[in-house]
Amino acid sequence: MAPPPLSSSTFILSLYLFSLLLITTNSLPTTLGVTYFTPVPSTTQPKPAPPVHIATAISSLGFNSIRVLNPDPTLTRAFTYTNTTLFLTIPNPLVQPIASNRSMALRWLYVHVVPFYPRARITTISVGNDLLSASPSGFYSFLLPAIRNVHLALRNLGIRKISVSTSFSFVNIISTPFPPSSAEFQGLASDNLIKPLLQFLRDTNSSFLINIYPYKVYRLNCEIPIGFALFQEHPFNFRDDLITGVRYRNLFDMMVDAAISAMTAVGFENIPVVVAETGWPSSGDALEVDANSAYAEMYLRGLVAHLKSGLGTPLRKEGVAEAYIYELFDDEIRRGTTRHERSWGILFSNMTKKYEIEFSGSDSTGGSRAFLYLCSVAVAVNLIRGPLHLLSW
């Protein structure tokens with residue numbers, strides 16, 4: 001005997017539940033942003049773009065967030081009443097004074113946060129940037145007190161939705177990064193800073209910020225194939241972690257998982273990871289033949305596609321919470337210098353694009369999830385109203 005045919009309402013309910021399953025089993029894409037450094041005034045360089053033009057450029061490029069390495073109130077004001085989130089960085093020279101006196105933290109917040117929040121969507125404050133590289137010998141004693149003072153100052157102001165952390169460079173904080181499952185934090189940093197910092201991040205629901213540059217690791221290790229660093233898909237373009245059996249298809253994921261493994265090794269495995277900086281230089285000195293615009297575009301295109309896919313990394317299926325491309329303009333443009341340095345910018349000085357890359361979150365996977373969501377909402381509404389005939393669709 002043939003089973004009775006499904007009623008239209010039963011069929012629609014099944015479709016609705018199936019669509020919800022598809023939505024919930026796909027990770028949401030990582031928030032993608034870009035870093036920006038307010039240019040130093042210079043008589044030898046073109047006049048920098050006004051803050052309102054920067055805000056417009058960020059929006060037109062499709063970025064959801066901007067990380068400002070040297071916050072300026074006029075720039076923050078340009079992002080009020082926009083959908084762009086702001087990740088502010090307290091400059092390294094201010095970290096020690098803030099550690100010594102909480103009133104210094106309040107003073108900084110009264111200039112850079114209080115006049116604009118919540119009209120400007122400030123979500124994160126990094127206390128210093130890669131301070132281990134800038135001050136390797138004496139920062140342990142004052143970095144964490146500075147972070148706590150900024151956090152407490154925010155609470156005193158009644159602001160509870162801005163997280164506070166600090167950023168590290170992968171090559172300076174992770175020892176024995178390969179295989180990723182064996183990665184650990186460097187000894188002195190691990191004992192004196194990392195463990196108490198991770199405890200603070202867990203207690204305050206904040207993220208671990210790390211600068212990940214596959215280009216730098218590639219240059220340090222001649223055994224790494226260039227295609228593996230550039231997200232290129234080839235049949236034999238992979239590396240296996242022989243301890244865990246995990247297979248990696250790109251260097252970016254290996255570095256992220258190395259940081260996750262290092263946190264797990266000291267007892268903190270579920271703290272969100274934010275890639276505070278990443279990129280590939282379009283030019284460098286005469287010996288840096290791999291710093292070129294073709295490779296830079298390949299890396300950025302591969303990175304964006306990987307983050308949009310929602311696949312995450314082998315050790316963290318939800319992937320990194322946020323990632324910031326370094327940087328909006330080249331170093332010599334933003335700093336007002338003329339000496340030749342690595343160029344990481346994605347825009348020329350006249351604000352035209354170096355690369356034809358779609359940075360926005362609109363992708364086929366995300367579009368499918370949005371379509372399924374709209375369908376499920378429509379179905380739910382119709383189910384409330386009563387059974388429908390399939391032909392009414």
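A quick note: this is a predicted structure, and the numbers were derived from the prediction, not measured.
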Undergrad: Before accepting this row, confirm whether a basic side-chain N of the pair R342/E288 lies closer than 4.0 Å to the acidic partner's carboxylate O.
TA: yes
Undergrad: So does L209 get a backbone contact from the side chain of S207, meaning a donor-acceptor N/O pair under 3.5 Å?
TA: no
Undergrad: For a quick check under 3.5 Å, do E233 and N237 share a side-chain donor-acceptor pair by atom type?
TA: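 No pair is found: no donor N or O on one side chain lies under 3.5 Å from an acceptor on the other.
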Undergrad: Taking all atoms of both residues into account, what is the closest heavy-atom pair of P196 and L144, and its distance?
TA: CB-CD2, 3.5 Å
Undergrad: Under a 3.5 Å distance rule, please check whether D240 uses its side chain to pair with a backbone N or O of L242 as donor and acceptor.
TA: no
Undergrad: Grab the two heavy atoms, one from T166 and one from S126, that are nearest each other, plus how far apart they are.
TA: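 Distance-wise, the nearest heavy atoms are CA-OG, 3.5 Å.
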Undergrad: With a 3.5 Å distance limit and no angle check, can you tell me whether S175 reaches the backbone of E184 through a side-chain donor-acceptor pair?
TA: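 At least one qualifying donor-acceptor pair exists.
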Undergrad: If you count every heavy atom of other residues, nucleotides or ligands that lies below 6.0 Å from R249 atom CZ, does the total exceed 12?
TA: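 Above 12, so yes.
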Undergrad: Kindly indicate, with the supporting measurements, whether the criterion side-chain contact (heavy atoms from CB on, under 4.5 Å) is fulfilled by S165 and L201.
TA: CA-CA 7 Å; S165 187; L201 297 180; 3.5 Å; yes
Undergrad: How far apart are the C-alpha atoms of L220 and V171, what are their side-chain angles, what is the distance that settles it, and do they pass the side-chain contact (heavy atoms from CB on, under 4.5 Å) test?
TA: CA-CA 10 Å; L220 291 172; V171 295; 4.2 Å; yes
Undergrad: Measuring only between side-chain heavy atoms, which start at C-beta, is P118 closer than 4.5 Å to K161?
TA: no
Undergrad: If you compare all heavy atoms of A258 against all heavy atoms of P177, which two are closest, and at what distance to 0.1 Å?
TA: CB-O, 3.7 Å
Undergrad: ring-ring contact (aromatic ring centres under 6.0 Å, His included): which pairs involve residues 54-82, sequence neighbours left out?
TA: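 Checked against ring-ring contact (aromatic ring centres under 6.0 Å, His included) - neighbours excluded - the pairs reaching residues 54-82 are F63-F359.
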Undergrad: Side-chain heavy atoms nearer than 4.5 Å, only ILVMFWY residues, links allowed to pass through others: does that put I147 and I210 together?
TA: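 Linked within one cluster.
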Undergrad: Examine I174 and F252 and state if one hydrophobic cluster contains both, with Ile, Leu, Val, Met, Phe, Trp and Tyr joined whenever side-chain heavy atoms are less than 4.5 Å apart.
TA: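 In one cluster with I174: F252, yes.
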Undergrad: Does any pair with a residue in residues 264-313 pass ring-ring contact (aromatic ring centres under 6.0 Å, His included), and if so which ones, sequence neighbours excluded?
TA: Y215-W280, F231-Y299, F231-H306, W280-Y299
Undergrad: Looking only at atom types and distance, does a side-chain atom of Q199 sit under 3.5 Å from a main-chain N or O of L197, one as donor and one as acceptor?
TA: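 Checking the backbone N and O of L197 against the side chain of Q199, no donor-acceptor pair under 3.5 Å is found.
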Undergrad: Cut-off 3.5 Å, side chains only: do D241 and S181 have a donor facing an acceptor?
TA: yes
Undergrad: Is the shortest side-chain heavy-atom distance between F142 and V95 below 4.5 Å?
TA: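 F142 reaches V95 side chain to side chain.
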Undergrad: Would you say Y355 ends up clustered with L307 if hydrophobic residues are merged whenever their side chains have heavy atoms under 4.5 Å apart, either directly or through other cluster members?
TA: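 L307 clusters together with Y355.
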Undergrad: Can S261 and L315 be said to form a side-chain contact (heavy atoms from CB on, under 4.5 Å), step by step?
TA: CA-CA 8 Å; S261 295; L315 295 188; 3.4 Å; yes
Undergrad: Tell me every residue that passes salt bridge (charged side-chain N to carboxylate O under 4.0 Å, His left out) with R148, counting only those two or more places apart in sequence or in another chain.
TA: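 Here no residue qualifies.
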Undergrad: Hey, could you give me the OG1/CG distance between T124 and L88, rounded to the nearest 0.5 Å?
TA: 8.5 Å
Undergrad: Does either side chain, that of N129 or that of E277, offer a donor lying less than 3.5 Å from an acceptor on the other one?
TA: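 Indeed, the side chains of N129 and E277 share at least one donor-acceptor pair under 3.5 Å.
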Undergrad: Any luck finding a side-chain donor-acceptor pair between S282 and K354 under 3.5 Å?
TA: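 Side-chain D/A pair, S282 to K354: present.
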Undergrad: Is there side-chain contact between I54 and M351, with at least one heavy-atom pair below 4.5 Å?
TA: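 The answer is yes, as the side chains (C-beta and beyond) meet within the 4.5 Å cut-off.
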Undergrad: Nearest 0.5 Å please: distance from the CZ atom of F329 over to the OG1 atom of T38.
TA: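 With rounding to 0.5 Å, CZ (F329) is 11.0 Å from OG1 (T38).
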Undergrad: Determine whether L328 and T35 make a side-chain contact, defined as any pair of heavy atoms from C-beta on separated by less than 4.5 Å.
TA: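 No, side chains not in contact.
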Undergrad: Dump the intermediate steps for salt bridge (Lys or Arg N to Asp or Glu O under 4.0 Å) on R77 and D72, then the final yes or no.
TA: CA-CA 9 Å; R77 184 178 294 108; D72 178 79; over 6 Å; no
Undergrad: Taking N149 for its side chain and A105 for its backbone only, find out whether a donor-acceptor pair lies under 3.5 Å.
TA: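 Here the side-chain-to-backbone pair does not exist.
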Undergrad: Rounded at 0.5 Å granularity, tell me how far CG in L61 sits from OG1 in T56.
TA: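 Reported value, rounded in 0.5 Å steps: 10.5 Å.
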Undergrad: Is there a side-chain contact (heavy atoms from CB on, under 4.5 Å) between L300 and E297? Walk through the geometry before answering.
TA: CA-CA 5 Å; L300 293 176; E297 183 167 4; 6.0 Å; no
Undergrad: Output the distance between atom OG (S349) and atom CG (L347), rounded to the nearest 0.5 Å.
TA: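 With rounding to 0.5 Å, OG (S349) is 10.0 Å from CG (L347).
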Undergrad: Could you tell me if the side chain of N64 sits less than 4.5 Å from the side chain of T84, heavy atoms only?
TA: no
Undergrad: Taking it one step at a time, do Y248 and D257 satisfy side-chain hydrogen bond (donor to acceptor under 3.5 Å, both in side chains)?
TA: CA-CA 10 Å; Y248 288 90; D257 278 0; 2.7 Å; yes
Undergrad: Would you call V68 and T76 a side-chain contact if the rule is heavy atoms closer than 4.5 Å?
TA: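 The answer is no; the side chains never approach within 4.5 Å.
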Undergrad: Name the one of Y218, W344, F170 that satisfies ring-ring contact (aromatic ring centres under 6.0 Å, His included) with Y213?
TA: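 Answer after filtering Y218, W344, F170: W344.
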Undergrad: Is the terminal nitrogen or CZ of R67 (NZ for Lys, CZ for Arg) located under 6.0 angstrom from the six-membered ring centre of Y324 and within 45° of that ring's axis?
TA: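 The answer is no; the distance or angle limit is not met.
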Undergrad: Less than 4.5 Å apart, any side-chain heavy atom of D130 and any of N172?
TA: yes
Undergrad: Minimum heavy-atom separation for S360 to K308, with atom names?
TA: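 Where S360 meets K308 most closely, the heavy atoms are O-CE, 2.6 Å.
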Undergrad: May I ask you to check whether over 12 heavy atoms, not counting those of N350, lie within 6.0 Å of atom CG?
TA: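 It does: N350 CG has more than 12 such atoms within range.
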Undergrad: Supply the atom-to-atom distance I173 CD1 to N211 CG, rounded to the nearest 0.5 angstrom.
TA: 11.0 Å
Undergrad: Looking only at atom types and distance, does a side-chain atom of S100 sit under 3.5 Å from a main-chain N or O of Q96, one as donor and one as acceptor?
TA: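 Yes; at least one donor-acceptor contact below 3.5 Å.
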Undergrad: Any side-chain to backbone donor/acceptor pair from R239 onto P179? Under 3.5 Å, distance only.
TA: no
Undergrad: Indicate if I212 and V320 have the same hydrophobic cluster label, given that clusters are the connected sets of ILVMFWY residues with side-chain heavy-atom separations under 4.5 angstrom.
TA: yes
Undergrad: Applying the 4.5 Å side-chain criterion to the ILVMFWY set and letting contacts propagate, would L94 and F87 be lumped into a single cluster?
TA: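 No, separate clusters.
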Undergrad: Decide yes or no for E327 and V34: does some side-chain heavy atom of the first lie under 4.5 Å from some side-chain heavy atom of the second?
TA: no
Undergrad: Kindly determine whether F228 and H234 satisfy ring pair (Phe, Tyr, Trp, His ring centres under 6.0 Å), including the steps that lead there.
TA: CA-CA 9 Å; F228 188 69; H234 302 300; over 10 Å; no
Undergrad: If you take all heavy atoms of R121 and T82, which pair is closest and at what distance?
TA: CD-O, 3.5 Å
Undergrad: Check this for me: N205, atom CG, are more than 12 non-hydrogen atoms of other residues, nucleotides or ligands nearer than 6.0 Å?
TA: no
Undergrad: Say whether, by atom type as modelled, one donor and one acceptor occur between the side chain of R102 and the main chain of L106 under 3.5 angstrom.
TA: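 No; zero donor-acceptor contacts below 3.5 Å.
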Undergrad: Give the minimum heavy-atom separation between F185 and A259, together with the two atoms involved.
TA: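 Closest pair (atom of F185, atom of A259, distance): CZ-O, 4.4 Å.
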Undergrad: Quick one: pull up CG in N270 and OG1 in T264 and give me the separation to the nearest 0.5 Å.
TA: 7.5 Å
